[in-house]
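Presented below is the structure to which this report refers.
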Amino acid sequence: MKRAIFLVTTIQGIRKPTFLKQLLSLINDKFEIAILFAMINFDEVWQAQWEFTDIQTREHLTGIRMITLADVYANHTGIPLKETEVLKPDLAKLTPYETHSGKNKVTRYVNTDGNIVAEALFDEQGSRLHTIFFDDNSRIRQINNYNSQDQLTGIEKCQDDELVESLLLNAKSELVFRFTNYVIPQKVNYGVADTSLIPVPAGLSEIEKNSKEDPLTHYEAKGQLTVTKATSYSDYHRYDDINAFYHQVLANLNTDDARIYLDINNMIDASKYLPGKQIFNY
């Protein structure tokens, strides 16, 4: 049977109309389809699985396989997780408050100062999805993610509520991959004509006025680019580009006879790591 694999790296990917359009086209063509939820923001994985389950129900889709990075690397060799890598406060000493988010139970654990120390989310079957840990200023410090067997599969570390590092664990809760985000300053230049109907955004610095040779006024903006690097604790390979890691993930899935579908936003960066393969987009 013909095979197709969708590499989904953000939750926005499955929300695109083109994702569903390509999916339905492949189903009509009798493809065997797998969706690989490969987000390194692990808290997006279960959310994306839920949203895709809703799509399946709405469109009456069956036989589509859902895979996560935790599934791919469940049996890979890792190293023991250090005690300092994971927060494990004694929640039994805290006061629990139960509420609901939709059909899902939420338990918040509060200390004697009245601060929320942790928050656990459970699905309709009572399986824990994640536990969020907060600092004294209610900012997220860490998110621990679990599978349906209540095994810890991924850890997200945050600073000022921003994800800075993710740890992927195997079925033994050993560390298999570390993903680290680096924020790099970036300058962006804009050229604006006098006849432009769009006002120049605030915060831009004028660097060059227009002239007869160049009818544009040039502005400069300072921004940031987030680069993600990965380290394997199975073979100690380092990936300075997250797309090089995704190439290795696809290699583990034996995709030689399968169509690979990538988000069109990732095509340019990702395709260079897949030479000789025909890549499709959504």
Under a 3.5 Å distance rule, please check whether [X] uses its side chain to pair with a backbone N or O of [Y] as donor and acceptor.
X: Ser166; Y: Ile40; answer: yes
X: Asn137; Y: Arg139; answer: no
X: Asn170; Y: His76; answer: yes
X: Gln248; Y: Ala244; answer: no
X: Asp71; Y: Ile67; answer: no
X: Asp123; Y: Gln125; answer: yes
X: Asn144; Y: Thr131; answer: no
X: Asp150; Y: Tyr146; answer: no
X: Asn181; Y: Leu163; answer: yes

I want to check something: taking the side chain as every heavy atom from C-beta on, are [X] and [Y] in contact at a cut-off of under 4.5 Å?
X: Ile79; Y: Tyr236; value: yes
X: Arg58; Y: Leu20; value: yes
X: Ser138; Y: Ile116; value: no
X: Thr180; Y: Thr228; value: no
X: Phe37; Y: Trp46; value: no
X: Ile35; Y: Leu23; value: yes
X: Thr226; Y: Tyr182; value: no
X: Phe52; Y: Ile64; value: yes

Compare every heavy atom of [Y] with every heavy atom of [X], then report the nearest pair and how far apart it is.
X: Ser148; Y: Ser127; result: O-OG, 3.7 Å
X: Gln49; Y: Thr68; result: NE2-CG2, 3.5 Å
X: Glu156; Y: Asp43; result: OE2-N, 3.1 Å
X: Lys16; Y: Tyr282; result: NZ-O, 3.2 Å
X: Ala38; Y: Leu7; result: CB-CD1, 3.7 Å
X: Ala270; Y: Leu262; result: CB-CD1, 3.7 Å

Are there over 12 heavy-atom neighbours, none belonging to [X], within less than 6.0 Å of that residue's [atom1]?
X: Gln159; atom1: CD; value: no
X: Asp257; atom1: CG; value: yes
X: Arg238; atom1: CZ; value: no
X: Ile264; atom1: CD1; value: no

field: Check: Thr57/Asp54 side-chain N/O donor and acceptor closer than 3.5 Å
entry: no
Any side-chain donor near an acceptor of the partner, Tyr273 and Asp241, under 3.5 Å: yes
Do the side chains of [X] and [Y] join up, straight or via other hydrophobic residues, at under 4.5 Å, putting them in one cluster?
X: Leu250; Y: Leu69; value: yes
X: Met39; Y: Trp50; value: no
X: Leu167; Y: Phe177; value: no
X: Phe6; Y: Leu61; value: yes
X: Val106; Y: Leu91; value: no

Please report the interatomic distance [atom1]([X]) to [atom2]([Y]), rounded to the nearest 0.5 Å.
X: Arg128; Y: Gln151; atom1: CZ; atom2: CD; value: 11.5 Å
X: Asp29; Y: Arg259; atom1: CG; atom2: CZ; value: 7.0 Å
X: Thr9; Y: Leu36; atom1: OG1; atom2: CG; value: 10.0 Å
X: Asp235; Y: Thr77; atom1: CG; atom2: OG1; value: 9.5 Å
X: Ile5; Y: Ile260; atom1: CD1; atom2: CD1; value: 4.5 Å
X: Phe42; Y: Leu129; atom1: CZ; atom2: CG; value: 15.5 Å

- request: Dump the intermediate steps for salt bridge (charged side-chain N to carboxylate O under 4.0 Å, His left out) on Arg178 and Glu85, then the final yes or no.
  value: CA-CA 11 Å; Arg178 183 188 303 272; Glu85 294 276 24; 2.6 Å; yes
message: Show every side-chain hydrogen bond (donor to acceptor under 3.5 Å, both in side chains) that has at least one partner inside residues 92-115, sequence neighbours left out.
response: Arg108-Glu119
- prompt: Between Phe19 and Tyr261, is the ring centre distance below 6.0 Å?
  reply: no
task: Output, in order, the C-alpha distance, side-chain angles, deciding distance and verdict of side-chain contact (heavy atoms from CB on, under 4.5 Å) for Lys88 and Val86.
output: CA-CA 6 Å; Lys88 291 183 179 179; Val86 56; 3.7 Å; yes
message: side-chain contact (heavy atoms from CB on, under 4.5 Å) for His130 and Ile132? Distances and angles first, verdict last.
response: CA-CA 7 Å; His130 71 198; Ile132 305 175; 3.7 Å; yes
query: Ion pair present between Glu32 and Lys2, side-chain N to carboxylate O less than 4.0 angstrom?
result: no
- request: Let me see the working for Leu169 and Leu152 under side-chain contact (heavy atoms from CB on, under 4.5 Å), right down to the final yes or no.
  value: CA-CA 7 Å; Leu169 312 181; Leu152 183 62; 3.7 Å; yes
- prompt: Going through the distances and angles, do Tyr239 and Lys229 end up as a side-chain contact (heavy atoms from CB on, under 4.5 Å)?
  reply: CA-CA 6 Å; Tyr239 301 88; Lys229 300 183 180 183; over 6 Å; no
